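Heads up: the structure comes next, in structure tokens.
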Amino acid sequence: MKRRRKLSPIKKWLSIILIFSVIILGIHHLFTRNSKAMEESVISSEIYPGLNLKTIKQETDLYTLFINQPVTENKNIDEEINEWIMEEKEDFKSRVKESKKVLKENEFTAHLNIQTKTKKLADKIYTLELESYQISSGANGSTKIKPIIVDLNTDNILGPSDIFSFDENLISEIKEIVYRQVEKNSELNSYIFEDLLKESLYNYEGWKISVNPESLIFSFDQYEVAAANVGVVTIEIPMDQIYSYLNPTFIKKLNLEEPEKQTELKSDGKYIALTFDDGPHPKVTPRILKTLEEHNVKATFYMLGNQVEYYPSLAKQVLDEGHELGNHTKSHKNLTHLGASQVKEEIQSSSDNIQNATTSLPKSLRPPYGAFNNTVKEVSNELDLPIIMWSVDSLDWKSRNVSAINREVMSTVHPGAIVLLHDIHSTTADALPSLLKNLENEGYEFITVSQLIELGELEGIGPHHRI
Ligand code: ZN
């Protein structure tokens, strides 16, 4: 009893302190909830050396705001980023102010969100793609985009005049390339306002460009050049079309490789397509690939699903070296003996194997033995695989003889021909160097089956397949 009485003053004090703490915490809590609360923190990046990310978060009764702002160690770069973000913030806040009444009436919280997509282009060179989305009245939001290429080695922002080798003529040519790219994209084309696009591209210093090894991308804000429902517009120009316009210093900085020019097909060209069936074969296919590479020839390989399943990396290698892949069914059955569902299974599972191995789908179907009927036609239509036969048979499977293969092909070859060969016989690999030489001597150029079809459809060259 005595001891308890002795402790009671301390208890009293403790209670008082506790009550005060609760009150203070409560006030603090109320304060942070009801007035502007701002948090800022900097997260340093391990993945993007030289870049940090600043997070800005703000909440009021009227709006919420969340910004991820990239920060470098360079004042000028940071200023340019900051300027754009400040503009977005001010624009947003003034819109909030304007629609204050509406927001309150509708109990709608306006929102601004700015995010950065970072892409590494080379050592300490990045594309920072700032994207700002704001919604301030409960109607439609709007999205703006600003790509910035920063070079932290030289502490510079790389703008259009660093990216391109500029003169007046080149600028208009680049604009033409952009217009053409829009025309090619029929879906986008119908939404683009041509006059707005021209206006946007008028001054090259304002071009918003990002880049990657495969392409150069022009970006436009929502509403800037197209109907609102399209959102932000990006027009991607493949590198092979724009490479020659790039500034050599920029190319060197980014270590950009000159892309191989797509063969420009001439309507009167002496083109043929070499096709290799029944592979991939672990011994023969690599030999064929080597010879094709030495002659810079692209061919088409009709692969069997079962072979691809066993040698997926070989299938991938064929595709990676620029050749085209076709479907030769899973197991080389005569499809005319099968019902529709079996035909479908034979074709589909081969496509699946090819896709698993290469992440690409085959472009066409060659039925084994060239045998097909209406069922095969219907299934191939359904699977969007045109049936491709051949017009020149090397008979390599029969003769197994280098000079016989050469004789057979050279006596029957013609412009627009599709030549049947097999990458499972070593004699075919033996014959290929001399065969290519003979064909080259006669002026033949080699393209893939898809290119030949395209040419045939466009220019009426043929017949290249027996259907
Ligand atoms: Zn075959």
Side-chain angles (χ1 to χ4, degrees), residues 272-289 291-292 298-312 314-315 317-319 323-338 342-355 357-358 361-373 375-377 379-380 383 385-401 404-405 408-409 412-413 417-432 435 448-450 452-453 464-467:
I272 56 171
L274 298 184
T275 62
F276 294 91
D277 287 14
D278 300 350
H281 183 284
K283 286 211 172 105
V284 181
T285 308
R287 289 184 59 204
I288 303 252
L289 287 176
T291 308
L292 291 175
K298 302 290 178 243
T300 304
F301 289 76
Y302 286 98
M303 294 184 172
L304 291 170
N306 281 344
Q307 296 289 117
V308 175
E309 191 191 343
Y310 261 63
Y311 309 109
L314 209 43
Q317 189 190 342
V318 173
L319 187 81
H323 305 290
E324 184 168 301
L325 302 195
N327 185 324
H328 197 39
T329 75
K330 175 176 181 263
S331 57
H332 215 277
K333 286 184 182 130
N334 184 327
L335 297 180
T336 62
H337 300 159
L338 305 178
Q342 288 168 297
V343 169
K344 197 171 172 181
E345 161 64 18
E346 272 291 312
I347 300 171
Q348 183 65 57
S349 76
S350 176
S351 283
D352 290 345
N353 285 336
I354 290 171
Q355 193 178 27
T358 67
L361 280 168
K363 294 261 178 13
S364 56
L365 169 73
R366 173 167 289 162
Y369 320 103
F372 65 92
N373 55 17
T375 307
V376 177
K377 273 195 205 175
V379 172
S380 72
L383 298 175
L385 286 168
I387 295 176
I388 300 296
M389 304 294 278
W390 57 89
S391 59
V392 170
D393 190 344
S394 68
L395 299 175
D396 60 343
W397 53 276
K398 204 163 142 192
S399 69
R400 309 279 185 102
N401 177 289
I405 292 170
E408 193 60 43
V409 173
T412 49
V413 72
I418 294 184
V419 182
L420 173 64
L421 294 146
H422 296 83
D423 57 334
I424 49 168
H425 308 302
S426 58
T427 38
T428 304
D430 295 339
L432 196 57
L435 183 61
T448 63
V449 164
S450 294
L452 199 59
I453 294 172
H464 45 68
H465 48 102
R466 288 192 228 143
I467 288 188

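Atoms within each ligand, like the ligands themselves, are counted from 1 in listed order. All residue numbers in this chain count up from 1 along the given sequence. In what follows, every heavy atom counts, from backbone to side chain, and hydrogens, waters and symmetry copies are set aside. A quick note: this is a predicted structure, and the numbers were derived from the prediction, not measured.
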Mind checking whether [X] and [Y] have side chains closer than 4.5 Å, heavy atoms only?
{"X": "L365", "Y": "I388", "answer": "no"}
{"X": "I387", "Y": "R366", "answer": "no"}
{"X": "L421", "Y": "L435", "answer": "yes"}

Atoms of type N, O or S from the protein that sit nearer than 2.8 Å to the Zn ion (ligand 1) number exactly 3

T275 vs Y302, test: side chain to side chain contact (heavy atoms under 4.5 Å, CB included). Steps then yes/no. CA-CA 7 Å; T275 62; Y302 286 98; 3.9 Å; yes

Check: Below 4.0 angstrom, N of the basic side chain to O of the carboxylate: do K298 and E324 qualify?
Finding: no

Exercise for the section: May I ask you to decide whether D423 forms a salt bridge with R287, counting only side-chain N to carboxylate O separations under 4.0 Å? Expected result: no

